[in-house]
Amino acid sequence: MNFRRAVRREDPEINFIPLIDVLMVILIFLMVSTTFSKYSELQVNLPTAGAERPAERPTEIVVGVATDGRYTIDKRGAAYRDALSFGSQLRQAASGSKDPIVVIYADAGATHQSVINVMEAARVAGLAKVTFAAQSGPSAAR
C-alpha cells in the first residue's frame with residue numbers, strides 16, 4: 001500500500017528578498033565608510049611667449065619627374081640634355097631667391113636615374129637644399 005499518493009510535494013523556491021536586503025546593507029556600509037578626497041587645485045601663472053614672427057618660408061623650386069622621363073620646373077616643361085643645362089634652368093628658376101629649396105616630385109614609376117639627374121643638376125647649380133615630396137594615406141599604397 002502506498003499511502004503517500006495524496007501528499008503533494010512542493011518545488012523548493014528561492015526567496016530573493018533577504019538577499020536584496022543583505023546587498024543593500026553592504027552597499028550602504030561601503031558608501032558610508034568610503035572616504036572621498038578632494039584634490040586641491042594649484043594656482044599656476046603660466047608664462048607668455050613673446051616670440052618674434054617666424055622667418056619667411058624659403059622659396060621652393062618644384063621639380064616634377066614623370067614616368068616617361070619628362071621633367072617640369074615650377075610647372076613649366078623642361079628638357080634634360082645634361083646636368084649642366086638642367087642646372088642652368090634650375091639656377092634661372094632660383095634667381096633672386098636666397099637659399100631656395102629644390103622639392104622633387106617624382107612619380108612612383110619614374111626611374112631612379114631620372115631622380116639622380118635632378119639631384120646632380122641641383123648640385124651643379126649650387127643648390128644644396130634638396131628634398132623629396134611623398135604622398136601619405138591610403139591612396140599612396142598601390
Side-chain angles (χ1 to χ4, degrees), residues 1-80 82-83 85-142:
M1 289 175 91
N2 192 0
F3 293 111
R4 293 195 180 207
R5 275 190 187 177
V7 178
R8 257 185 135 175
R9 291 189 92 202
E10 291 185 26
D11 291 330
E13 61 183 63
I14 298 174
N15 191 356
F16 284 106
I17 302 296
L19 178 64
I20 293 172
D21 290 341
V22 169
L23 288 177
M24 286 298 288
V25 169
I26 291 174
L27 181 66
I28 292 170
F29 174 75
L30 288 176
M31 287 175 39
V32 169
S33 65
T34 302
T35 58
F36 295 102
S37 62
K38 181 180 179 184
Y39 294 104
S40 61
E41 297 178 8
L42 296 176
Q43 194 69 311
V44 178
N45 293 325
L46 297 175
T48 58
E52 295 179 16
R53 190 171 163 225
E56 289 185 25
R57 192 171 165 182
T59 307
E60 292 181 352
I61 301 171
V62 178
V63 179
V65 181
T67 304
D68 57 357
R70 289 181 292 130
Y71 296 91
T72 60
I73 298 175
D74 289 334
K75 297 184 181 180
R76 291 186 303 255
Y80 184 89
D82 59 2
S85 65
F86 200 75
S88 67
Q89 292 178 34
L90 287 174
R91 208 174 302 117
Q92 283 178 345
S95 64
S97 302
K98 183 183 178 197
D99 211 17
I101 298 175
V102 177
V103 181
I104 301 174
Y105 283 83
D107 190 270
T111 62
H112 287 77
Q113 185 61 49
S114 300
V115 176
I116 297 299
N117 290 341
V118 174
M119 292 172 63
E120 176 65 18
R123 184 191 64 79
V124 168
L127 303 172
K129 295 183 178 179
V130 178
T131 186
F132 297 94
Q135 182 177 352
S136 62
S139 62
R142 292 185 201 182

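Residue numbers start at 1 and run along the sequence shown. All values derive from a computational prediction rather than experimental measurement.
Atoms CD1 and CZ, from Ile61 and Arg91 in turn, are 11.0 Å apart once rounded to the nearest 0.5 Å. Here the CG atom belonging to Asp99 is positioned 4.0 Å from the NZ atom belonging to Lys129, to the nearest 0.5 angstrom. To the nearest 0.5 Å, atoms CG (Leu23) and CZ (Phe16) are separated by 11.0 Å.
Between Val65 and Ala110, the closest heavy-atom pair is CG1-CB, 3.9 Å. Closest heavy-atom contact between Val103 and Ala133: CG1-CB, 4.1 Å. The nearest pair of heavy atoms linking Ala93 to Asp74 is CB-OD2, 3.9 Å. Considering all non-hydrogen atoms of both residues, Ala83 and Glu120 come closest at CB-CG, 3.7 Å.
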>> One pair to check against side-chain contact (heavy atoms from CB on, under 4.5 Å): Ile116 and Gln113. What are the steps and the verdict?
In response: CA-CA 5 Å; Ile116 297 299; Gln113 185 61 49; 4.3 Å; yes
>> Assess the residue pair Phe86 and Val124 against the criterion (side-chain contact (heavy atoms from CB on, under 4.5 Å)); give the C-alpha distance rounded to whole Å, side-chain angles, the decisive distance to 0.1 Å, and a yes or no.
In response: CA-CA 9 Å; Phe86 200 75; Val124 168; over 6 Å; no
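Neither side chain, Asn117 nor Ser114, offers a donor N or O lying under 3.5 Å from an acceptor on the other.
Under the ring pair (Phe, Tyr, Trp, His ring centres under 6.0 Å) criterion, Tyr105 pairs with no residue, sequence neighbours left out.
Within the structure, no pair that satisfies the side chain to side chain donor-acceptor pair (under 3.5 Å) test touches residues 12-27, not counting sequence neighbours.
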